[in-house]
K.L.:
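Take a look at the following structure, please.
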There are 2 protein chains.
Amino acid sequence: MDIAKQLSHIPLFQGLEPQYLETLARIAVKKFFKRGETVFAEGDPGIGFHIITSGRIKVYKTSPDGKEQILHIMSQGEPFGEVPVFTGQRFPAYAEAIADTNTLFMPRDDFMNLIRTEPSVALSMLSVLSMRLKRFTSLIEDLSLREVPGRLAAYLLYLSERDQGTDDINLEISKTQLASILGTIPETLSRILARMTREAIIESDDKRHVRICDRTAIEELAAGERRLA
Amino acid sequence: MDIAKQLSHIPLFQGLEPQYLETLARIAVKKFFKRGETVFAEGDPGIGFHIITSGRIKVYKTSPDGKEQILHIMSQGEPFGEVPVFTGQRFPAYAEAIADTNTLFMPRDDFMNLIRTEPSVALSMLSVLSMRLKRFTSLIEDLSLREVPGRLAAYLLYLSERDQGTDDINLEISKTQLASILGTIPETLSRILARMTREAIIESDDKRHVRICDRTAIEELAAGERRLA
DNA sequence: ACTTTCCGTTGACCTACGTCAAGGTTTCTC
DNA sequence: GAGAAACCTTGACGTAGGTCAACGGAAAGT
């Protein structure tokens with residue numbers, strides 16, 4: 001596989017001069033993680049970060065009694081594990097492959113050198129981190145200010161928008177994982193999906209699929225203007 | 001006042017060549033916000049960011065029914081409002097002065113130009129954003145995986161460490177605001193402080209002061225290994 | 001100094017959501 | 001393709017923490 005060609009499709013490196021892509025290609029190390037394999041653990045030192053070329057990764061925290069909060073699910077083209085690269089500290093969370101995953105690993109020192117000579121990479125990375133801060137802000141808002149039905153509604157709208165506003169939403173993950181993204185547990189999510197189905201707001205027969213039947217109701221739930229019976 | 005001199009004390013610009021400091025000084029605009037004044041609102045377009053030279057700012061989200069979640073309290077030397085500078089989108093949260101505050105405002109375009117010529121500023125900014133992501137990660141963990149006593153304990157330890165491990169902690173903010181940082185409400189916080197006092201873990205007679213009496217108990221609470229009676 | 005507003009505390013009450021348990025079903029694994 | 005493991009759902013139950021209300025004290029604006 002031509003690594004430089006793969007890199008040229010990564011948003012982070014859009015518009016980068018070919019010569020730098022070549023440099024990066026020499027730096028990057030291909031890695032593979034089997035489904036279920038840990039990529040890094042909280043507290044590990046970070047000597048570089050990954051870019052996903054195929055597969056899917058979850059980044060998450062756990063509580064002592066085993067509850068899990070997913071921070072991100074990353075897929076093709078997305079970088080992850082950059083925080084320790086720039087703080088010089090350790091990973092603040094866990095990362096695990098939830099499908100067989102290929103990544104390109106960028107060692108810290110080489111990447112820092114590239115940034116020093118090529119500011120557009122720095123600007124791209126600043127943009128990536130800023131987007132992530134924005135998403136975290138919205139996750140914090142969810143956890144602190146919204147109830148679970150509102151979070152679910154907002155998440156469904158988010159998925160719907162991402163797929164050009166379709167009403168047929170492919171979750172792409174298990175409902176257990178969806179619960180963990182929403183900051184709740186499978187039992188609670190299951191009950192809420194059942195209630196929303198009963199009120200004809202959604203249909204959720206299949207396992208990884210939800211169909212929006214009453215978009216207005218979903219929007220009102222997400223805005224906190226409506227409650228389930 | 002010599003703006004360049006002020007800028008030289010900002011961590012973000014540590015080690016920057018004097019010539020660039022001069023450039024920045026010409027770019028920067030002094031601003032003043034009275035206590036209670038809004039610096040920006042969620043949804044405002046961001047044409048630049050601020051650096052605090054004196055005072056204190058809270059960055060927060062609100063729910064439709066008025067509950068507030070504080071994301072950060074920023075003070076001297078800290079930058080805030082950078083996210084829209086790099087995403088090109090709007091502010092994801094509110095910012096309000098909680099004391100009379102002076103800032104230096106850095107317009108977006110000029111700052112971007114500086115980054116393009118001076119990569120060390122980009123690296124500093126990457127570090128600032130990464131630190132912030134780390135703190136958000138820990139706030140998300142708190143909200144999702146810990147109960148309020150555990151969050152409070154962790155916050156007290158954080159303040160204690162920041163002041164060289166002292167047992168006499170100066171909160172510097174009202175307890176209402178502390179509640180809003182911890183993702184709860186004043187009533188609940190008040191009850192928990194009372195319980196911790198009853199168990200001789202802390203003393204909290206004065207308004208903005210807490211004294212740690214049993215540090216081990218606090219550490220156990222923060223780790224989730226202990227519960228209040 | 002006076003008044004109005006904000007802050008902190010406590011009590012009685014309620015509810016969203018987590019826990020525990022048990023069932024059926026789908027999906028890995030060997 | 002058989003067994004094991006993980007997933008999904010529903011019921012009964014418990015509780016952390018939010019809501020509403022009331023009151024004393026501090027602080028801020030006039």
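We use all heavy atoms of the structure for the numbers below, so side chains are in, but hydrogens, waters and symmetry mates are not.
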K.L.:
Taking 4.0 Å as the cut-off, does a side-chain nitrogen or oxygen of A:T188 come that near to OP1 or OP2 on C:dC17?
P.N.:
no
K.L.:
Does a salt bridge link A:E68 with A:K58, judged by any charged N lying under 4.0 Å from a carboxylate O?
P.N.:
yes
K.L.:
Report, one pair per line, the protein and nucleotides 3-9 of chain C atoms (nitrogen or oxygen only) whose separation is under 3.5 Å.
P.N.:
| from | atom 1 | to | atom 2 | distance (Å) |
| --- | --- | --- | --- | --- |
| C:dG8 | OP1 | B:K175 | N | 2.7 |
| C:dG8 | OP2 | B:K175 | N | 3.4 |
| C:dG8 | OP2 | B:T176 | N | 2.8 |
| C:dG8 | OP2 | B:T176 | OG1 | 2.6 |
| C:dT9 | OP2 | B:S190 | OG | 3.3 |
| C:dT9 | O5' | B:S190 | OG | 3.2 |

K.L.:
What is the separation between atom CZ on B:R151 and atom P on D:dG18, rounded to the nearest whole Å?
P.N.:
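So the CZ-P distance, B:R151 to D:dG18, works out to 8 Å.
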K.L.:
Nearest to the side chain of B:R35 - C:dA16, D:dG29, D:dG17?
P.N.:
D:dG29
K.L.:
Once rounded to the nearest 0.5 Å, what's the spacing between atom CG of A:L143 and atom CD of B:Q69?
P.N.:
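Answer rounded to 0.5 Å: 9.0 Å.
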K.L.:
Using a strict 4.0 Å threshold on nitrogen-to-oxygen distance, state whether A:R211 and A:D168 make a salt bridge.
P.N.:
yes
K.L.:
Taking DNA chain C as the partner, which of residues 221-229 of chain B come within under 4.0 angstrom of it by heavy atom?
P.N.:
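Residues of residues 221-229 of chain B that come under 4.0 Å of DNA chain C do not exist, since none gets that close.
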K.L.:
Expressed as a whole number of angstroms, how long is the span from B:R195:CZ to C:dG11:C1'?
P.N.:
15 Å
K.L.:
Once you round it to whole Å, what is the distance between P of C:dA16 and CG of A:L145?
P.N.:
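For the pair A:L145 CG and C:dA16 P, the rounded distance is 17 Å.
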K.L.:
Nearest whole angstrom, please: distance from the P of C:dT10 to the CZ of B:R198.
P.N.:
8 Å
K.L.:
For the helix from C:dA1-D:dT30 to C:dA22-D:dT9, what angle separates the axis at the start from the axis at the finish, each from five pairs, in steps of 10°?
P.N.:
60°
K.L.:
May I have the distance from A:D100 (atom CG) to C:dT27 (atom C1'), rounded to whole angstrom?
P.N.:
15 Å
K.L.:
Under a 4.0 Å N-O cut-off, is there an ion pair linking A:R227 with A:E199?
P.N.:
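Salt bridge flag = no for A:E199 with A:R227.
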K.L.:
Does a side-chain N-to-carboxylate-O contact under 4.0 Å join A:K61 and A:E42?
P.N.:
yes
K.L.:
Going from OG1 on B:T137 to CG on B:L139, what distance comes out if it is rounded to the nearest 0.5 angstrom?
P.N.:
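The OG1 atom of B:T137 sits 9.5 Å away from the CG atom of B:L139.
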K.L.:
Tell me: CD1 of A:I192 to P of D:dC8, nearest whole Å?
P.N.:
15 Å
K.L.:
Are B:K134 and A:E82 close enough for a salt bridge, meaning some N to O gap below 4.0 Å?
P.N.:
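No salt bridge links B:K134 with A:E82.
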K.L.:
Is there a side chain to side chain donor-acceptor pair (under 3.5 Å) between B:S54 and B:N102 once you walk through the steps?
P.N.:
CA-CA 5 Å; B:S54 78; B:N102 288 288; 3.2 Å; yes
K.L.:
What is the distance from atom CE of A:M106 to atom NE2 of A:H50, rounded to the nearest 0.5 Å?
P.N.:
11.5 Å
K.L.:
Rounded off to whole Å, could you give me the CD1-to-C1' distance for the A:I185 and D:dT10 pair?
P.N.:
13 Å
K.L.:
Of all the choices, C:dC17, D:dG17, D:dT19, which nucleotide is nearest to the side chain of B:V148 once you look at every atom?
P.N.:
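For the B:V148 side chain, the nearest candidate turns out to be D:dG17.
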K.L.:
Salt bridge or not for A:R215 and A:D167, using N-O below 4.0 Å?
P.N.:
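A salt bridge links A:R215 with A:D167.
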K.L.:
Quick one: label A:G183 by what it contacts on the DNA or RNA (base, sugar-phosphate, nothing), any heavy atom closer than 4.0 Å.
P.N.:
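Result for A:G183 = sugar-phosphate.
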K.L.:
Take A:F111 and A:F49 through the ring-ring contact (aromatic ring centres under 6.0 Å, His included) test and state the conclusion after the steps.
P.N.:
CA-CA 9 Å; A:F111 188 74; A:F49 70 96; 4.8 Å; yes
K.L.:
Looking at every heavy atom in both B:F33 and B:K31, which two are closest together, and how far apart are they?
P.N.:
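In terms of heavy atoms, the two residues are closest at CE1-CB, 3.8 Å.
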K.L.:
Rounded to whole Å, how long is the line connecting atom CG of A:L171 with atom P of D:dC8?
P.N.:
10 Å
K.L.:
Please confirm whether any donor atom in the side chain of A:R191 sits under 3.5 Å from an acceptor in the base of C:dG18, or the reverse.
P.N.:
no
